[in-house]
Amino acid sequence: MINATSPSSGETSSASEAPLSQRLGRRLLRYGIVLFLLGLATGRLVESLALPRMGLSSHLQGVMNGTFLVVVGLIWPHLRLHALLLRAAYWLALVGTYLNWAVTLAAAAWGAGGTTMPLAAGDHLGTPDQELTLLIGLRALNVAMFASCFLVLWGLRGEGPPWPGSRSTY
């Protein structure tokens with residue numbers, strides 16, 4: 001169990017006692033930074049991949065999706081969702097963003113993706129199994145990202161509590 005000290009009160013409390021939305025938001029921040037770093041590392045590998053243009057796509061996916069997770073992590077405590085939907089949106093966001101980076105990196109390493117990502121892969125085709133794997137990954141990340149974004153948007157409905165530092169007008 002990890003103990004954290006509240007800066008405002010000085011009291012020690014367990015991290016598991018924090019509200020679910022705060023815990024998941026903090027994890028999204030952490031995983032966003034990890035994905036951002038993976039995107040940066042991918043950028044260093046671009047020239048050594050079978051398809052450098054697809055490697056550039058993977059680099060950009062890692063950096064952009066890592067940033068997306070950080071932004072979503074910052075607004076996460078403000079979502080108005082039941083615990084089940086909050087968890088679903090969390091996992092969908094993680095799966096979608098990491099799959100986006102991993103699928104494009106796999107295509108770059110395999111020299112594949114001509115059937116599923118022709119703008120980046122051109123006419124480079126992998127084996128039928130590789131192309132099928134890429135197709136399944138792309139479809140899964142597409143569903144995950146749309147569902148996650150829909151749930152986050154739904155969670156931002158209504159007035160909700162005031163944002164920290166904002167002035168409330170009663």
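Scope of the values below: all heavy atoms of this structure, side chains included, with no hydrogens, waters or symmetry mates.
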Q.
Please say yes or no: joined through hydrophobic side-chain contacts below 4.5 Å, possibly via intermediate residues, are Trp154 and Leu92 part of one cluster?
A. yes

Exercise. Taking the side chain as every heavy atom from C-beta outward, state whether Leu81 and Arg157 have any pair of such atoms under 4.5 Å apart.
Key: yes

Q) Under a 4.5 Å cut-off applied to non-hydrogen side-chain atoms, are Leu49 and Leu51 in contact? A) no

**Q.** Greater than 12 external heavy atoms within 6.0 Å of Arg30's CZ
**A.** yes

| message | Any donor-acceptor pair under 3.5 Å linking the side-chain atoms of Gln61 with those of Thr104? | response | no

Same apolar cluster (I L V M F W Y, side chains within < 4.5 Å links), Met64/Leu28:
no

Would a single hydrophobic cluster contain both Leu105 and Leu94, if residues Ile, Leu, Val, Met, Phe, Trp and Tyr are joined by side-chain heavy-atom contacts under 4.5 Å? yes

| query | If you group Ile, Leu, Val, Met, Phe, Trp and Tyr by side-chain heavy-atom gaps below 4.5 Å, do Ile136 and Phe146 land in one group? | reply | no

Could you go through Met145 and Asn65, starting from their C-alpha distance and side-chain angles, then the distance that decides it, and tell me whether this counts as side chain to side chain contact (heavy atoms under 4.5 Å, CB included)? CA-CA 10 Å; Met145 290 301 291; Asn65 283 307; 4.1 Å; yes

Review point. Would you say Trp101 and Thr42 make side-chain contact, with heavy atoms under 4.5 Å?
Key: yes

By side-chain hydrogen bond (donor to acceptor under 3.5 Å, both in side chains), Thr133 pairs with (sequence neighbours left out) none

Nearest heavy-atom contact between Thr115 and Glu131 is OG1-OE1, 2.5 Å

Checklist entry - Honestly curious: do Tyr98 and Leu24 fall in one hydrophobic cluster under the side-chain, below-4.5 Å linking rule? => result yes

Under the side chain to side chain contact (heavy atoms under 4.5 Å, CB included) criterion, do Tyr90 and Val72 qualify, and how do the steps go?
-> CA-CA 9 Å; Tyr90 168 82; Val72 171; over 6 Å; no

